[in-house]
Protein chains: 2
Amino acid sequence: MKTTRNTAAKTAVLEVFEKSKTALSHTEIQKQLNDICDRVTIYRILDRLMNDDIIHKISNLDGTVKYAKCNHSHQRVHIHNHAHFSCENCHEITCLENVKPSYIMPHNYKVKEINFTLSGLCPNCLNSNI
Amino acid sequence: MKTTRNTAAKTAVLEVFEKSKTALSHTEIQKQLNDICDRVTIYRILDRLMNDDIIHKISNLDGTVKYAKCNHSHQRVHIHNHAHFSCENCHEITCLENVKPSYIMPHNYKVKEINFTLSGLCPNCLNSNI
DNA sequence: AATCAACTGCAACAATGTTGCGTTAAATAT
DNA sequence: ATATTTAACGCAACATTGTTGCAGTTGATT
């Protein structure tokens, strides 16, 4: 079994996630890291963090991909089936940990994962628009 | 106001969508068209068809982007807020026109659009796996 | 301190999407 | 039927995002 190591770059990436309240794209992470490491390294760190269930991947409506820290506080078995909100004004993506959709599926489908993304205006932008 | 024209390439793309029961990626469309036009042209046709509400865009969990014909039969005002199913085995994406999730949002968010994608095994792959 | 393999940087590549520009052709008017 | 207008096209060039191979580095363990 492969062990994973705590390198300087990995720690820096984790700090960026810690500081951020919203989901981040690879490019955003790279900017915040001020080129302390190669962009390939960031991709590999993100892969490792996803394998270790420390972050999860979110693909937005427009095809952009972001990553956010997992919140393990609520449940023992960790599932990513929570909703995400994508603001059309500031383009920030936030996890809505407590929003879980209910739905009825047609027969003969086996659902393993769900991705529920809502878009519109976040509280910040909603207030400043009035 | 810009008028849109019925070109040979646009007609061909529409025929491809007509024949397909599932959502298609740009690459899949290009293959089915047998290089009757440039790939840039396909991008531009897809843009136009989306503007005209003839097709809609679906971004998958893994970041891949597909397009599917809109089904206007049910409602007068056309909304894309239906669910999509992405099969992890055959990678086909189908529209689940009748699956609409219910959910409860936190205050202060203004939801305008929703993207609800489920993944797992489609009926075809579920049967052939047994 | 020595060892081992996870990790990194670099280069090169692949896939996907965009833009500018000169040319072609669809729709309309003549 | 022909001329006109401009949407649409092909081509080239570029931007972004993500992947892979490999030699060198460094974190964790003995």
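Sequence lines set the chain letters: A, B, ... in the order given, protein chains first and strands last, and positions in each chain run from 1. The model shown is predicted, which means the values in this text are computed figures rather than measured ones.
Comparing B:Tyr43 and A:Lys10 by the nucleotide of DNA chain C whose heavy atom lies nearest to each, the residue mapping closer to the 5' end is A:Lys10. Summary of the strand contacts: B:Asn6 and B:His26 both lie near DNA chain C, and taking for each the nucleotide with the nearest heavy atom, the more 5' one is attributed to B:His26.
Residue A:Lys110 places its NZ atom among 12 or fewer non-hydrogen atoms of other residues, nucleotides or ligands, all under 6.0 Å distant.
A parallel orientation is assigned to the rings of B:Tyr43 and B:His26, their planes being inclined by less than 30° (bins at 30° and 60°).
The bend of the helix from C:dA1-D:dT30 to C:dT30-D:dA1, defined by the angle between the axes of its first five and last five pairs, stands at 30° to the nearest 10°.
Within the nucleic acid shown, B:Val40 comes within 4.0 Å of at least one base atom, counting heavy atoms only. Residue contacts shown for B:Ala8 are absent, as no nucleic acid heavy atom lies under 4.0 Å away. Among the protein residues, A:Arg48 comes within range of the sugar-phosphate backbone only, with heavy atoms under 4.0 Å from sugar or phosphate atoms but none that close to a base. Within 4.0 Å (heavy atoms only), B:Leu46 reaches no atom of the nucleic acid at all.
For B:Arg44 and D:dG10, a side-chain-to-base donor-acceptor distance below 3.5 Å is present, hydrogens and geometry of angles not being considered.
Aromatic ring centres of A:Tyr67 and A:His56 lie farther apart than the 6.0 Å criterion allows.
Here the P atom of nucleotide D:dT25 and the CG atom of A:Asp38 are 16 Å apart, to the nearest Å.
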